[in-house]
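These notes are about the structure you will find just below.
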Amino acid sequence: MVVAHQPSNEQEKLRDIELPIIDLMAERSQVSKLIVKASENLGFFKVINHGVPQHVIKAMEDESYGFFSKPASQKQRAGPANPYGYGCKNIGFNGDYGEVEYLLLHTNPLSNSTISNDPTLFRCAVNGYVEAVRELACEILELMAEGLGVPDTSVLSNFLRDSHSDSLLRLNHYPPLQLLQLVNNRIGFGEHTDPQILTILRSNDVPGLQISPQDGFWIPVSPHPSTAFCVNVGDALQALTNGRFLSVRHRAMVNSCRRRMSMAYFGAPAPNARIACPHKLLSPHEPNLYRPFTWDEYKKATYSRKLGDTRLHFFRVQSDHDDLTE
Ligand SMILES: C=C1C[C@]23C[C@@]1(O)CC[C@H]2[C@@]12CC[C@H](O)[C@@](C)(C(=O)O1)[C@H]2[C@@H]3C(=O)O
Ligand SMILES: O=C(O)CCC(=O)C(=O)O
Ligand SMILES: [Fe+2]
């Protein structure tokens with residue numbers, strides 16, 4: 001007799017969740033509804049038929065593999081990551097540590113702390129990739145604004161199109177670990193939320209990304225379909241939507257004998273940009289949850305804290321309810 005599997009507890013139910021896969025070539029109003037729903041529910045979704053040419057992705061992946069395959073001494077010449085450049089195991093400035101090496105690049109202008117046998121080729125690959133994923137991020141932000149019914153549908157994408165936008169590109173490499181090391185430390189990139197507006201992530205076919213929509217529960221995100229990009233809402237977008245969209249905690253595990261490589265574009269505002277929810281999304285019943293702040297202010301608050309700290313919390317408008325519960 002075949003018995004249908006009934007999740008026995010909340011954790012099992014969560015484990016079964018798959019991220020929505022949204023086809024960007026489908027009918028526009030349907031796409032925008034699906035994107036809004038996913039951003040409200042999990043803060044994470046995947047997109048296919050996204051318009052980023054395969055050769056542009058491949059060129060960036062080749063350069064990334066090429067960089068991480070170099071001897072440590074050569075990679076270190078592109079470091080330390082303060083804040084841009086090559087970093088190994090140390091993340092940020094506040095004692096965070098993970099089984100990862102990475103290259104963090106500012107996209108505007110492209111930071112030049114890179115090493116490559118052919119710097120021009122490297123720069124071309126990064127510029128081509130960043131341009132294409134920025135366009136994708138802007139398209140998604142416009143679909144979000146449409147779905148939310150905001151009158152100016154470029155109000156979100158304009159942050160990324162600003163010539164002073166503080167967007168970043170991060171290349172992460174999680175080398176394979178020995179079995180014994182895996183038992184002790186499987187964390188590649190510890191739990192955190194992304195501080196920016198929108199993250200466009202792509203990885204090779206090695207799993208590792210997990211998301212935590214509820215404290216204590218972790219859902220693995222499969223790296224398939226291989227043509228997809230994984231998209232997630234950042235803290236700034238949670239504030240811009242007055243908490244309607246969720247910036248969800250995630251982490252990357254080292255869980256395989258194979259190396260994992262991921263490439264994350266973090267779409268961010270310009271330092272002096274003001275992050276405030278559009279009036280259309282506020283009402284007497286849904287007053288502002290966050291006080292307006294500049295991206296510079298938020299970034300400083302973020303970078304002075306540990307990876308796993310909750311930062312948005314400090315920008316909340318104090319309510320009578322908070323006074324009673326905190
Ligand atoms: C410990 C830290 C590393 C980080 C800056 C921070 O102080 C807290 C946020 C971290 C994070 C997470 C998402 C991105 O990977 C990142 C580049 C970002 O903007 O915020 C990193 C920062 C970093 O690695 O420098
Ligand atoms: O490598 C991954 O899949 C996630 C990396 C990540 O969350 C980040 O770089 O902020
Ligand atoms: Fe992240």
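All residue numbers in this chain count up from 1 along the given sequence. First listed ligand is number 1; within each ligand, the first listed atom is number 1. Here the structure is a predicted model, which is why all the values come from computation and not from measurement.
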Q. Are the ring centres of Y86 and F67 closer than 6.0 Å?
A. yes
Q | Between F315 and Y290, ring centroids under 6.0 Å | A | no
Please state which protein non-hydrogen atom is closest to [atom] and give its distance, to 0.1 Å?
atom                    : value
atom 13 (C) of ligand 1 : D194 OD1, 3.5 Å
atom 22 (C) of ligand 1 : Y303 OH, 3.7 Å
atom 19 (O) of ligand 1 : Q196 NE2, 2.8 Å
atom 14 (C) of ligand 1 : F266 CZ, 3.5 Å
atom 2 (C) of ligand 1  : G92 CA, 3.9 Å

Salt bridge check, [Y] against [X]: does any charged N sit closer than 4.0 Å to a carboxylate O?
X    : Y    : answer
E142 : R161 : yes
E146 : R28  : yes
R259 : E101 : no

contact_flag [X] ligand 1 heavy-atom lt 4.0 Å:
X    : result
K299 : no
P83  : no
F189 : yes

Q) Distance under 6.0 Å and angle within 45° of the ring axis: does K299 meet both against Y303? A) yes
(Q) Both conditions, 6.0 Å and 45 degrees, for the charged tip of R202 above the ring of Y265: are they met here? (A)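 Because its charged atom misses either the 6.0 Å distance or the 45° angle limit, R202 does not stack over Y265.
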Q) Among R305, R311, R170, which one has a heavy atom closest to atom 6 (C) of ligand 1? A) R305
Q: Using heavy-atom distances, let me know which of V100, L307, D96, D235 sits nearest atom 11 (C) of ligand 1.
A: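 Answer by nearest heavy atom: L307.
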Q: Determine, using the 4.5 Å side-chain heavy-atom cutoff (strictly less than), whether V206 and I187 are members of one ILVMFWY cluster.
A: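 No, separate clusters.
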**Q.** Joint hydrophobic cluster, V56 plus L103, side-chain heavy atoms closer than 4.5 Å
**A.** yes
Atom indices of ligand 1 within 4.0 angstrom of [X] heavy atoms, with elements:
X    : result
I91  : 1 (C), 3 (C), 24 (O)
N94  : 7 (O)
T302 : 6 (C), 7 (O), 8 (C), 9 (C)
P195 : 13 (C), 18 (C), 19 (O), 20 (O)

Q) Judging by distance only, is a nitrogen or oxygen of H192 under 3.5 angstrom from one on ligand 1? A) no
(Q) Are I275 and T294 packed together at the side-chain level, in the sense that at least one heavy-atom pair is separated by less than 4.5 angstrom? (A)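 In short, these two side chains do not touch, never coming nearer than 4.5 Å.
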Q) How many protein N, O or S atoms are found at a distance of less than 2.8 Å from the Fe ion (ligand 3)? A)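 Count of protein N, O, S atoms less than 2.8 Å from the Fe ion (ligand 3): 3.
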Q: Check whether the side chains of H224 and D205 place a donor and an acceptor atom closer than 3.5 Å, and report yes or no.
A: no
(Q) Working note: R260 + V254, criterion side-chain contact (heavy atoms from CB on, under 4.5 Å); need CA distance, chi angles, decisive distance, verdict. (A) CA-CA 8 Å; R260 172 175 159 81; V254 182; over 6 Å; no
For the atom pair [atom1] ([X]) and [atom2] ([Y]), what is the distance rounded to the nearest 0.5 Å?
X    : Y    : atom1 : atom2 : value
L141 : R134 : CG    : CZ    : 12.5 Å
E131 : T107 : CD    : OG1   : 10.5 Å
Y65  : H173 : OH    : NE2   : 7.5 Å

Q. Is R291 atom CZ crowded by more than 12 heavy atoms from other residues, nucleotides or ligands, each under 6.0 Å away?
A. yes
Q: Go through S167 and F266 one step at a time and tell me if the side-chain contact (heavy atoms from CB on, under 4.5 Å) criterion holds.
A: CA-CA 5 Å; S167 301; F266 301 100; 6.0 Å; no
Could you give the N/O to N/O pairs under 3.5 Å linking ligand 2 and the protein, each with its distance?
unit_1   : atom_1 : unit_2 : atom_2 : d
ligand 2 : 1 (O)  : Y174   : OH     : 2.6
ligand 2 : 1 (O)  : R260   : NH2    : 3.4
ligand 2 : 1 (O)  : S262   : OG     : 2.7
ligand 2 : 3 (O)  : R260   : NH2    : 2.3
ligand 2 : 7 (O)  : H192   : NE2    : 3.2
ligand 2 : 7 (O)  : H250   : NE2    : 3.1
ligand 2 : 9 (O)  : N172   : ND2    : 3.1
ligand 2 : 10 (O) : H192   : NE2    : 3.1
ligand 2 : 10 (O) : D194   : OD1    : 3.4

